[in-house]
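Scroll down for the structure; my scribbles are underneath it.
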Number of protein chains: 2
Amino acid sequence: MSRYSISDLARELDITPRAIRFYEEQGMLSPERRGQERVYGSRDKVTLKLILRGKRIGFSLAECKELIELYDPAEGNRVQLETFMRKIEERRAQLDQQLLDIEQMKLELDTAEERCRAAIAATSA
Amino acid sequence: MSRYSISDLARELDITPRAIRFYEEQGMLSPERRGQERVYGSRDKVTLKLILRGKRIGFSLAECKELIELYDPAEGNRVQLETFMRKIEERRAQLDQQLLDIEQMKLELDTAEERCRAAIAATSA
DNA sequence: CATTTGCTTGACGTTAACGTAAAGCAAGGT
DNA sequence: ACCTTGCTTTACGTTAACGTCAAGCAAATG
């Protein structure tokens, strides 16, 4: 079992200790303590990676928190589970929309690049 | 040539007039005026759609502005054009990373959904 | 003519996601 | 014994992206 200090994780994941403490404040992490120091395990690391990935695709921290809770099978009754399923479907739809957006964006980058090439060619002529 | 009022566009694109004026304030739009009223054309609409798409995939407004400028072939010298090309490549790399992130996220939604199904099945047993 | 409707420009308020500075404990080196 | 290093908490500051009044013009409508 691997253990990390807060600055270990900060270095490895390229974020600040402040950010990590902030995520804890928001209830997304709850590391152990040795005295007053925080000690993180591999599960915490996974959670942090989930947060960072969520952020990269444009989710707010609140949304990232939901994703973490989805990952965490928090003992729920039937109604809650069905609510979860709906949330999962919403996410999936959102992700599919983002895939479309990205494809579209890439096409536009293609044409922008093409115009650049043309302009450079015109310059050297 | 189609012309729109600010609230026309707001309704159609499902944003507020305030947001549209804000984008103009940030130099991303420059609609014509009829008297003191703003009059938007189809090009403005395209720009707005670009902004919204950019936002959906997690770009800041500043980044969206860059994307618009890429789309707009702003007469540049050779060095500027090469700078543009580099930016385009950066974007492309970022988009590819986002594609990976989204695929990964979808896989995790799969397993989350699976656990939900299992839990519901266990409930009804 | 008075009023409503839709636009305008300011200006201040708000939320998210941290940054940053202050002040202090606790372990290890010299 | 002292100093540095790394952690801690508390608290106020900051930026982005608008929201939310407030006050006013201008055309249309009763």
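Chain letters run A, B, ... following the sequence lines, proteins first and then strands; every chain starts at 1. Because the structure is predicted, anything quoted here is derived from the model rather than measured.
If you take CD1 on I88(B) and CD on E66(B), they are separated by 11.0 Å, rounding to the nearest 0.5 Å. To the nearest 0.5 angstrom, F84(A) atom CZ is 6.5 Å from E69(A) atom CD. Considering CD1 of I57(A) and CZ of R91(A), their distance stands at 9.0 Å, rounded to 0.5 Å. Rounding to the nearest 0.5 Å places CG of L109(B) at 5.5 Å from CZ of R92(A). How far CG of L70(A) is from CG of L50(A): 9.5 Å, rounded to the nearest 0.5 Å.
Listed in residue order, the members of residues 13-24 of chain A having a heavy atom less than 4.0 Å from DNA chain D are R18(A), R21(A). Within residues 52-61 of chain A, the residues approached by DNA chain C to less than 4.0 Å at the level of any non-hydrogen atom are K55(A), S60(A), L61(A), in residue-number order.
Atom CZ in R38(A) sits roughly 14 Å away from atom C1' in dC25(C) (whole-Å rounding). Atom-to-atom, CG of D8(B) to C1' of dG6(C) comes out at 11 Å; the value is rounded to the nearest Å. The separation between Q36(B) atom CD and dG10(C) atom C1' is 13 Å, rounded to whole Å. In this structure, E25(B) atom CD and dG10(C) atom P are separated by 9 Å, rounded to whole Å.
In terms of heavy-atom proximity, K65(B) sits nearest to M28(B) at N-CE, 3.6 Å.
Heavy-atom neighbours of R34(A) CZ from other residues, nucleotides or ligands within 6.0 Å: at or below the threshold of 12.
Results of the salt bridge (charged side-chain N to carboxylate O under 4.0 Å, His left out) test with D101(B) over K49(A), K55(A), R56(A) single out R56(A) as the only residue that passes.
Put simply, chain A comes within 4.0 Å of DNA chain D, heavy atom to any atom, from dC7(D) to dA11(D), going 5' to 3'.
Side-chain atoms of K45(B) and Y40(B) form no donor-acceptor pair, as typed in the model, at a separation below 3.5 Å.
By the 6.0 Å and 45° rule, R11(B) does not stack over the aromatic ring of Y4(B).
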Report task. Determine, stepwise, if the pair E82(B) / R78(B) fulfils salt bridge (Lys or Arg N to Asp or Glu O under 4.0 Å). Result -> CA-CA 6 Å; E82(B) 281 164 358; R78(B) 191 194 191 100; 3.4 Å; yes
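Looking at heavy-atom distances under 4.0 Å, R34(A) makes no contact with the nucleic acid at all.
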